[in-house]
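Accompanying notes for the structure given below.
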Amino acid sequence: QVQLVESGGGLVQAGDSLRLSCVVSGRAISDGATGWFRQSLGKEREFVAARRWSGGNTYYADSVKGRFTISRDNAKNTVYLQMNSLKPEDTAVYYCAVGRPIISTIRSSSGYNYWGQGTQVTVSS
């Protein structure tokens, strides 16, 4: 089993920054990716960013490209989502996920097997 615990959410103003953390523990996965998804009220869960463990390739949703950065600290088994220039439309519960997505599913929740409990991010205007 793999356990994921997110933290770092909060209430901020538009233009502010936040850094979300996702600590990964449990069974080691040598190949695969970590993804960040978000879900706001009344909407489906949507892809935000992903990073492959091997090679470090990163992927971003168009809506966050240039503002968000996904990174990983191997020593701490932690994946980060640095969010800059936050907008009210970024308000959502953010989830990290781990799995072995192929290229066609790396932006899809179906590509991931393990999920954290989520952390709320609220951006006021």
Side-chain angles (χ1 to χ4, degrees):
Q1 283 289 347
V2 176
Q3 292 81 41
L4 308 173
V5 179
E6 304 102 330
S7 62
L11 172 62
V12 297
Q13 293 186 333
D16 286 350
S17 298
L18 274 177
R19 188 179 74 162
L20 305 183
S21 300
C22 175
V23 178
V24 182
S25 61
R27 183 172 63 88
I29 298 179
S30 59
D31 60 335
T34 303
W36 284 97
F37 291 76
R38 66 187 182 188
Q39 188 168 18
S40 52
L41 284 174
K43 294 186 178 181
E44 294 185 354
R45 189 170 298 187
E46 65 174 356
F47 169 77
V48 176
R51 186 182 191 280
R52 289 208 178 274
W53 293 20
S54 177
N57 288 355
T58 56
Y59 307 81
Y60 296 95
D62 288 343
S63 59
V64 306
K65 199 173 295 182
R67 299 188 298 123
F68 291 11
T69 302
I70 186 171
S71 62
R72 181 183 178 190
D73 185 331
N74 291 340
K76 296 182 178 180
N77 290 329
T78 302
V79 177
Y80 302 100
L81 184 67
Q82 177 67 43
M83 306 185 296
N84 298 329
S85 302
L86 283 162
K87 305 175 181 179
E89 51 263 44
D90 294 318
T91 295
V93 177
Y94 284 70
Y95 300 89
C96 68
V98 166
R100 293 188 175 93
I102 57 177
I103 189 62
S104 61
T105 60
I106 197 163
R107 292 181 171 85
S108 171
S109 57
S110 64
Y112 300 82
N113 305 100
Y114 302 99
W115 294 81
Q117 82 288 352
T119 185
Q120 176 71 47
V121 172
T122 302
V123 185
S124 64
S125 57

When you look at Phe68 and Leu86, which way does the side chain to side chain contact (heavy atoms under 4.5 Å, CB included) test go after all the steps? CA-CA 9 Å; Phe68 291 11; Leu86 283 162; 3.8 Å; yes
With disulfide bond (SG atoms under 2.5 Å apart) as the rule and sequence neighbours excluded, what pairs involving residues 37-102 come up? Cys22-Cys96
Residue pair [X] / [Y]: nearest heavy atoms and the distance that separates them:
X	Y	value
Thr78	Ser21	CG2-CB, 4.1 Å
Phe47	Ile106	CE1-O, 3.6 Å
Met83	Leu20	CE-CG, 3.7 Å
Arg51	Arg72	NH1-CB, 3.9 Å

Listing request: all side chain to side chain donor-acceptor pair (under 3.5 Å) pairs with a residue in residues 88-99, at least two apart in sequence or in separate chains. Arg38-Asp90, Arg38-Tyr94, Arg67-Asp90
Any residue meeting side-chain hydrogen bond (donor to acceptor under 3.5 Å, both in side chains) with Gln82, in chain and number order, not counting sequence neighbours: Asn84
Not counting sequence neighbours, which residues clear side-chain hydrogen bond (donor to acceptor under 3.5 Å, both in side chains) with Thr58? List them please. none
Scan for salt bridge (charged side-chain N to carboxylate O under 4.0 Å, His left out) pairs involving residues 105-116, sequence neighbours excluded, and state none if there are none. none
Hey, could you give me each pair passing salt bridge (charged side-chain N to carboxylate O under 4.0 Å, His left out) that has a residue in residues 2-24? Not counting sequence neighbours. none
Are Val93 and Trp115 joined in one hydrophobic group, where the rule is that I, L, V, M, F, W and Y side chains link up if heavy atoms are under 4.5 Å apart? yes
Please answer: with hydrophobic residues joined when any side-chain heavy atoms are less than 4.5 Å apart, are Val98 and Trp36 in the same cluster? no
Could you list the cluster mates of Ile102? Members are the ILVMFWY residues connected by side-chain heavy atoms closer than 4.5 Å, either directly or through other members. none
Who passes ring-ring contact (aromatic ring centres under 6.0 Å, His included) against Tyr59, sequence neighbours left out? none
Working to the nearest 0.5 angstrom, can you tell me the gap between Phe37 CZ and Glu44 CD? 12.5 Å
To the nearest 0.5 angstrom, please state how far the OG atom of Ser25 sits from the CD atom of Gln1. 10.5 Å
Can you check side chain to side chain contact (heavy atoms under 4.5 Å, CB included) on Tyr114 and Val24, steps first, answer last? CA-CA 10 Å; Tyr114 302 99; Val24 182; over 6 Å; no
Residues in salt bridge (charged side-chain N to carboxylate O under 4.0 Å, His left out) with Lys43, at least two apart? none
Return all side-chain donor-acceptor pairs below 3.5 angstrom for residues 118-125, not counting sequence neighbours, or 'none' if the list is empty.
| residue | atom | partner | partner atom | Å |
| --- | --- | --- | --- | --- |
| Thr119 | OG1 | Gly9 | N | 3.2 |
| Gln120 | NE2 | Ala92 | O | 3.4 |
| Gln120 | NE2 | Thr122 | OG1 | 3.3 |
| Ser124 | OG | Val12 | O | 3.3 |

Step by step, would you call Ile70 with Tyr60 a side chain to side chain contact (heavy atoms under 4.5 Å, CB included)? CA-CA 9 Å; Ile70 186 171; Tyr60 296 95; 3.4 Å; yes
Applying side-chain contact (heavy atoms from CB on, under 4.5 Å) to Asn113 and not counting sequence neighbours gives none
Between Thr34 and Tyr112, does the side chain to side chain contact (heavy atoms under 4.5 Å, CB included) criterion hold? Intermediate values first, please. CA-CA 8 Å; Thr34 303; Tyr112 300 82; 5.9 Å; no
Looking at Ile103, I'd like to know if its CD1 atom is crowded, meaning that more than 12 non-hydrogen atoms belonging to other residues, nucleotides or ligands lie closer than 6.0 Å. yes
